[in-house]
Amino acid sequence: MMNQVLFYFFAGLAVLGGVLVVTMRNAVHSAVFLITSLLATAGLYLTLNAEFLFVVQIILYVGGIMVLFIFVIMLVNLDVALHQVQFNRQSWVAGLLSIVLLTELLAALALARSGGPGMQLLPPPAAAAASLEGNTQQIGMLLFQNYVIPFELASILLLVALVGAVVMGKKKI
Amino acid sequence: MQAVLHFLQANMWPLIDALVIVGVFPLMAGYVVLLERKVMADMQARLGPMRVGPHGLLQPLADAVKLMIKEDIIPESADRIIFWMAPVLSVTAGMLAFAAIPIGPGFLIAEMNVGLLFILAVSSMGIFGIVLGGWASNSHYSLLGALRSAAQLVSYEVAVGMAMVSGLLLAGTLSMKDIVASQAEKGIWFVFVAPVGFVIYLIGSVAETNRAPFDLPEAESELVAGYMTEYSGFRWALYFLAEYSNMIVVASVATTLFLGGWMRPFASIHALDFLDFVPVLFMLGVTGYCVYRIPKQTGKDQGFILAIFAGICFAIAAALGAVFAPPLAFLKVPVLGAFWFIAKVMGYVYLFLWVRFTFPRYRFDQLMKLGWHYLIPLSIVNVMGVATALVLHRQAGWSSWVAFPVLLAVTVVLAIWLVRAGERRDQEAARSAA
Amino acid sequence: MIPISHYIVVSLLLFTTGVIGVLTRRNVIIILMSIELILNAVNINLVAFSHYVGNLNGQVFAVFIITDAAAEAAVGLGIIIAFFRNRQTLLADEMDLLRW
């Protein structure tokens, strides 16, 4: 029961935060609602027993990426931006097509649940494998044994992004 | 309704602990402020607050009342909702971290497998309170102060995180309770095994909490008061509370990770078990000193308040002594552990205060250079050193008395080389620019 | 136990909101924030499936996506700042010349 209350709370907060991100006029308000949505997503991870991802989401996404966003918003803060038109000319078509996309995806989900022709239902969820090792240790083992090459490539990617961001930020290259 | 009652009953102790912390904590932070003013006065050869209550002991209560009844001023073009929310965010982040800190073996509110990372995550949430507060004030000084403070916090967070990783390698687990348990099992505080990590954590945590000598964003002579400029009255009190609670949280993490948590010194040497009596004797000594000072107070009510204070200290001493009696022996480790934990946290906080009144303030570019050019490479080298020592100890079978000192020497040599290489590079850059 | 379809619905709603944000807003910073929403939605989907199938590959993939999102946000914001210095505008409609 508590699980359900928590799920609906976090899910509702995430979706509400997401909707408010794309509708707010002020960029800082959008950033604040994105932070709310990201925190709610972290809560959703916690309901899925993904505790390492919960803390990594908060440390990296909220504490790193969003701080970066807020810095840039404050550096390029334009007062005139508050009075301009917020939505572009293709808004209606884009909105309509996105609703079509959503309907299509939800229909695919409904079809998969009812087991349409040629579809295999997902087996009932496995009992929570409460192994002795703990979520963080298991992810660490996977990262350093099975996925060590993507891990190293991700670090090279971060190095490239670091150098790229520094070069982009310089006034004279 | 039934489910709510069941939930409350199942989580009774953590909820009570949480209420106690939220209720008692502002008072404790207020007394840390008083301690800071007395220590500052002592280092400056004066007395500090003496007027309100004997030796200024009621000063925090007077300050709290004053701040609560002050007029609430909001700048006209400030963003109201974010202006209101920013101090609340800072204080929430500061207090939330307390959920994961083990004051004693049973005093943990939320036992998490990832407790250490949770505290790191919550501290990075506190950055938003500062940045949003500075922006919402709609004032140039506030915005600049907030941006500088956020840049400083984010930079030193990397070094602090790496220093924590070096301690974590030794502990082998992220759960705060198990980190102290692993120090108990290995019989040595991790500060003696990885001292470089402790030093990096110390410097980084002073920067993380915006304390001097890294307090450029909020010092009174710089940028007015930085992000706190437009806040007055209770909102400023919330920011202040957030800063001191950050200090205590950071001290608690250092105590848990490096200084052995709730263990008494030399916990593994049973010949020194008489040290268990030190808490009781200490509190009795404090009580005796208070009683001795009562006749010397200037007024009868001052004496009366000091007598109440002495009574509180005696009650604590009695509680600490009562756990030696056989019926209460199961409480011995938690209660004495709580005393040692608080003593270590207060020692670390005293280090903060000492450093504040000793060193001049860093300029902002010097501050960033220290963080990025010196502390981060040093913390990376430290992690590699500790990891190598662990591999040598576990895989290659070296004795830990050999592996760790050798790698400590290698780390220190590399650190000195890095610092000198950095200085040489700066000199060449200055020479070629001149 | 919450059925997985609930998590998938949350993920789809967030994804669509992000897509609307990318296609509709003029302010490039909000476009970037909508991209983060999309990546987040994908992460929720991955972690939900990881929980319901029982192994941790989904969570490892989500860690990589978060890392990648950080790198992309950093470079994207650097580009925005560089562009802002030159053209003083943040609106996607006005960034319409390939060279000038």
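In what follows, chains are A, B, ... by sequence order, proteins preceding strands, each numbered from 1.
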Notebook entry, point to check: Among Ala154(A), Ser30(A), Ser155(A), Gly164(A), which residue forms the greatest number of heavy-atom pairs with chain C at distances under 4.5 Å?
Noted result: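 The answer is Ser30(A).
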Margin query: Counting heavy-atom pairs closer than 4.5 Å to chain C, which one of Pro150(A), Ala165(A), Gly12(A) comes out on top?
Written below: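 Going by pairs under 4.5 Å, I would pick Pro150(A).
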Close side-chain approach of [X] and [Y], heavy atoms under 4.5 Å:
X	Y	result
His6(C)	Phe7(A)	yes
Val63(C)	Leu53(A)	yes
Leu90(C)	Val76(A)	yes
Val10(C)	Phe10(A)	no
Thr47(A)	Tyr7(C)	yes

Residue part contacting chain C, namely of [X], when any heavy atom lies under 4.5 Å:
X	value
Leu106(A)	both
Leu101(A)	side chain
Leu38(A)	both
Met24(A)	backbone
Leu105(A)	both
Tyr8(A)	side chain

May I ask you to name which of [options] has the most heavy-atom pairs under 4.5 Å with chain A?
options	value
Ala62(C), Ser5(C), Ala70(C)	Ser5(C)
Val19(C), Val75(C), Leu14(C), Val47(C)	Val47(C)
Ile81(C), Asp93(C), Leu12(C), Thr67(C)	Leu12(C)
Ile31(C), Val22(C), Ile80(C), Ile79(C)	Ile79(C)
Asn40(C), Leu56(C), Ile29(C), Leu13(C)	Asn40(C)

Checklist line | Mutual orientation of the aromatic rings belonging to Phe64(C) and Tyr147(A) [parallel < 30°, tilted 30-60°, perpendicular > 60°] | finding: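 The rings of Phe64(C) and Tyr147(A) stand perpendicular, inter-plane angle above 60°.
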Notebook entry, point to check: Just by distance, do the side chain of Gln90(A) and the backbone of Leu23(C) share a donor-acceptor pair under 3.5 Å?
Noted result: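 At least one qualifying donor-acceptor pair exists.
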Separation of [Y] [atom2] from [X] [atom1] (nearest 0.5 Å):
X	Y	atom1	atom2	result
Met33(C)	Leu34(A)	CE	CG	6.5 Å
Ser50(C)	Asn49(A)	OG	CG	10.0 Å
Ile30(C)	His29(A)	CD1	NE2	11.0 Å
Asn88(A)	Asn27(C)	CG	CG	11.5 Å
Ile99(A)	Ile20(C)	CD1	CD1	5.0 Å
Leu44(A)	Asn43(C)	CG	CG	11.5 Å

Notebook entry, point to check: With only heavy atoms counted, which part of Arg26(C) is less than 4.5 Å from chain A, the side chain, the backbone, both or neither?
Noted result: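 Looking at Arg26(C), backbone and side chain both touch chain A.
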Check: Which region of Asn55(C), side chain (C-beta onward) or backbone (N, CA, C, O), has a non-hydrogen atom less than 4.5 Å from a non-hydrogen atom of chain A, or is it both or neither?
Finding: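 Nothing of Asn55(C), per the 4.5 Å heavy-atom cut-off to chain A.
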Check: For Phe87(A), is the NZ or CZ atom of Arg25(C) found under 6.0 angstrom from the centre of its six-membered ring and inside 45 degrees of the ring axis?
Finding: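 Yes; both conditions hold, so Arg25(C) lies above the ring face of Phe87(A).
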Margin query: Is it true that Tyr61(A) and Glu36(C) share a donor-acceptor pair across their side chains at a distance under 3.5 Å?
Written below: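 The criterion, which ignores hydrogens and geometry beyond distance, is satisfied for Tyr61(A) and Glu36(C).
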Checklist line | Enclosure of Arg89(A) CZ (heavy-atom neighbours >12, cutoff 6.0 Å) | finding: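 Not more than 12 within 6.0 Å, no.
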